[in-house]
Every structure is written in C-alpha cells, then in structure tokens.
Amino acid sequence: MEEEGSSAPWWQTAVVYQIYPRSFADANGDGVGDLAGITSQLDHLVWLGVDALWLSPFYRSPMKDFGYDVADYCDVDPIFGNLEDFDALLEAAHARGLKLMIDWVPAHSSSEHPWFVDARASRQSDRRNWYVWRDAGPGGELPNNWKCAFSDAPAWTFDAGSGQYYLHSFLAEQPDLNWEEPKVEAAMHEVLRFWLERGVDGFRADVISNIGKDPALASVEEARAKVPPFVFRNEPVTHEYLRRIRALLDTWPGDRAMVGEIPVFDSKEVATFYGAGDELHMAFNFPPLYAPFEAPAWRERIEVTTGALDPRDAWPTWVLSNHDVPRHRTRYGNEARARAAAVLLLTLRGTPFLYMGEELGLEDALVPAACKVDPGGRDGCRAPLPWSRAQGHGWGGTPWLPWPPDAAERSVEAQRDDPGSMLHLYRRLLAARRASPALRLGDFAFLEAPEGLLCWRRDFSGDCRFVVINFEDRELEWPQDDRHEVEVASDGRGESQVYDSRVGPHQALILKPTRPARA
Ligand code: NOJ
C-alpha cells in the first residue's frame, strides 16, 4: 500500500472502516452480530475498496456499555465467538490485504474485571491501588465535584464494603484504572503485546486522554466538572504514558499503529497528543465531526486542523460518523448532502475513518425511549446493517436493535444492484482515491471560490486533483480555464465528461486535469 516515491506507512494511505460488531453481520442467527459474521462479509468490504478495519470491542464484558466495559482484555465475549474466530478473521482479512485494528480500552475496566473485584475486596488488597480510591469528606461528602458521562451523576461511587469512593469517568460499572500504579501500566502493555503477537496491525485507543489524572483530583469550576470531555483534558503525565506506549509499538515489525480517541474539542490540544512524532500515530479530532454542513464552518474546521497539525508534521484523521453520535446522513438532513460529504471526507488530506453503514446512506433508527438499551442513548446510530432486501435482511434472528429506515431499499443487496446508489458512489470514491497519489498523500490547498462552494487542490509529484463541494441547495458556478474531466460526481451526473463550470445543488465533484495542471 506504499505510494511510489514516498515512504508513507500504510495507516497514512489507508481508508479505515469501523465495524461495531454487534450490528454488522450475524453468522449464528442470535440477533447479535459476531466475528464469524464479519469474516463472512470481508469479500464485500474488499469489493467496496476499504484498506483497513477497526473493530469496536468484542472482549468479555457484562455489556453495560456494550463492550467498553471490559471484564477480560484477552478473550472474546461468547456472544461474538471465541479466540479461534478472531484468529480466523485476522487471517482472512490479511489474506485479502486488509489491515485489522482493534479497540483497546485502557482508561477503565468493567467493575466485574477480576482486577476490580480484587481491588474492592479490601483496602489491603494487592490491587487496591489499581483503581482510584478516596475517602469521603468528614460529613460523608464526595471527594470532589466531578460528574461522569451519560448523566449528571457524580463520577464517584461509594463502595460500602471497603468504605471508600472510587472514580468512574463513565458508568459506575466502569471504574477508572489508576495509571499512576506502575503495575496497571505494565498490565495494559501486556494486553497490547497479547494482540500484537496474534498479529493485529494496530489499535484504536478509547478515551486515551483519560489515562493521566490531575494528582490532586481537585474540584473544578462547575461548568467544566464533567470528566469527559473537560476534566482530564491534557495532563502532562499522559504524554509520558503515550511515549512508552509508542516505544512498545515501535519494537514490533510492520508499522503497528495507534489512533487515539481524544474527546477534547480544541484541535490545538488534540495535536499535542502526537508529541514530537513519538506519541500517537493519529488522533481523532472531533471539531469537524460537529461542524454543520456549511461552507464557512467546514473551511474554518479544516484550516484550524491543518494549522494545528501541520507544524508538528502530524497526520490528520477525518470522521463524519461513529457509534457515539447520530449518523451524518441524519444530521445533515438529506441524501444529497450526505453524498457531497462523502466526497469531502475522502478527498481531504489525512486518513478517513468510515463508520459501517454510511456507505449505504443509513439514517439512525428511530428507537422509542422505552426500547433504548444504551446508557448514553446512542442506539439510533448502532442499528443493524441490512444485507438483503428480504425480511430479516440477512440476519437469522430478530436483531438486538430495530432496523434503520428503508432497510430493504438501503440494503447492501439492493444498492449493489443499483449503479446510482450511495454504495456505488463510495466504491467509485475509494477507487479514485486508490488510483491517485494526490488524493492519498498530496499537498492540500484551498482555491478561491464563490460563497457556498469549497474548492481545493491536491498535488503529489505531478498527479493533481481538484475538488469542488457545493454546500448550497442551488446550482453554483466555479469557472475553470483548464480542461478538466469529472472523475467522480456525488450524484453521478457528468462523470467522465468535460467539466462545464457548473456545480449542481449539493453536488460535489472530483476533477482530473486532462492536461498537466498549472501550478
Ligand atoms: C468512547 C467510546 O467510543 C464510547 O462508546 C464509550 O461509551 C466510552 N468511550 C467509554 O469507554
């Protein structure tokens, strides 16, 4: 996957496809997706044209946070299969040239993890210090004013058995691990080694900015008391931990990479997690994900991101959807915008992360409040993927969540049969990206454009592409002297024809110069 004339590692040229295992494909017909289901659909992903997969957690878990509460970091939850199924998936992925990244959840475990069971058993337990414990105040008060995610509840729960509070940035069933304890760091490094030895190509590190804590655990201003995203924004010690994680990864052959989740809404701070090229390989940068579909907002987020990352030579990531936020098809309100957004996502400079189902243009499922199962209310974007038109959509049993809207028409089967579908648009975009060093690795520069349009240029040793995105619901003009061919159009209109300077409502285009473009 290395680009000719460049020594770029695979994770810079790859398009990564995120799989939420519960909802991707169900091989055993119990209504919950599984590892064998993923293996059975790898050929489809190769047909689509992605380069790498990231699997959300599939480890043993009581599933209070659907796998982000890990009870055994080195085993597969029976609902997803077993370690043999994992090895088979990895082997099948590699046989098809796909890289495999897995989620690593280092900031907290499940309260049912034997480490925590041991830690809470007594204050004298060998593992007591593996978690963060504090005494109650003289009147029984909480140790500080921090609030956990998902609710406004305190980030502390009192453990009556041992008489102290423990810290949890998320649910009470997800106690924070104490990275100040060297044995915790060593244990989490062991987990990395376990999976590296099995052959994974990298990790997505869950809320990695949470591993370093303010040693004083001091109360903060009330408006910023929510742990994620505010309290552990950027503790200096986190960077020490990250450098040691990077050193471990660097001792393995084959460019093993880590992308860290940094739920901090300031791209400059996100950039610090790359260190001097000795911390994360990549960091998720969420401000663009929260941008409305408007030209000025996107221009600002792109400029702020590149302004923060470029000076550090840090490689950007781009994400429009994941398992934590409403899908961008739902947020942006219509299919035309979602199609234009796909062109944007796949032509920026950096590694794009696709969330399974966005290539089908899936909207969030409407999940009645009474049927919601996620403590964070994120059920809608986690609806199962419809594989076929027929009832059941390729799933054996009733899936664990309701179907997204128009599941039959949006199914993989229906869209593979329709060259005008969203699925085929993603496939054309991925093919165009794969064929163009400029799109994969090239320099990026905004070009002058009328209000409502964003236009940029990508260049890599003689290869060049222009990208035009119309954020407006009306036709706009972007006159060009040079002759350009429309390589990809978000609505398919005009593809393979000479560009005529007109950009349809919410249309987005990749243009390929038909003679060498002027610098
Ligand atoms: C971020 C994950 O993406 C989210 O799904 C999870 O609830 C929290 N981290 C806690 O692990």
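Start at 1 and go down the list; that is how both ligands and their atoms are numbered. Worth saying up front: this structure is predicted, and the values here are computed from it rather than measured.
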- Task: Identify the protein heavy atom lying closest to atom 8 (C) of ligand 1, giving its residue, its atom name and the separation to 0.1 Å.
- Result: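 Answer for atom 8 (C) of ligand 1: Phe170 CE2, 3.6 Å.
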If you measure only the distance, is there a donor-acceptor pair under 3.5 Å linking the side chains of [X] and [Y]?
| X | Y | answer |
| --- | --- | --- |
| Thr272 | Asn234 | yes |
| Trp315 | Thr351 | yes |
| Glu358 | Tyr426 | yes |
| Asp103 | Trp54 | yes |
| Ser23 | Trp400 | yes |

Mind checking whether [X] contacts ligand 1 via backbone (N, CA, C, O), side chain (CB onward), both or neither, at a 4.0 Å heavy-atom cut-off?
| X | answer |
| --- | --- |
| Phe284 | neither |
| Arg204 | side chain |
| Arg382 | side chain |

- Which is closest to atom 10 (C) of ligand 1 in terms of heavy atoms, Asp65, Val70, Ile208, Asp324?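 Answer by nearest heavy atom: Asp65.
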- For atom 9 (N) of ligand 1, which candidate among Asp206, Val105, Asn322 provides the closest heavy atom?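 Considering heavy atoms of Asp206, Val105, Asn322, the nearest to atom 9 (N) of ligand 1 sits in Asp206.
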What atoms of ligand 1 come within less than 4.0 Å of a heavy atom belonging to [X]?
| X | result |
| --- | --- |
| His108 | 10 (C), 11 (O) |
| Glu261 | 1 (C), 3 (O), 9 (N) |
| Phe150 | 7 (O) |
| Arg378 | 4 (C), 5 (O), 6 (C), 7 (O) |

- Item | Pair Asp69 + Lys64, salt bridge at N-O below 4.0 Å |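 So Asp69 does not pair with Lys64 through a salt bridge.
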- Greater than 12 external heavy atoms within 6.0 Å of Glu84's CD: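 No - once you tally the heavy atoms of other residues, nucleotides and ligands closer than 6.0 Å, there are 12 at most.
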- Message: What verdict does the ring pair (Phe, Tyr, Trp, His ring centres under 6.0 Å) test give for Tyr73 and His113, after you've listed the backbone C-alpha separation in whole Å, the side-chain angles of each residue and the deciding distance to 0.1 Å?
- Response: CA-CA 9 Å; Tyr73 288 96; His113 195 295; 5.6 Å; yes
- Item | Close approach, Phe66 and ligand 1, non-hydrogen under 4.0 angstrom |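 Contact check Phe66 vs ligand 1: negative.
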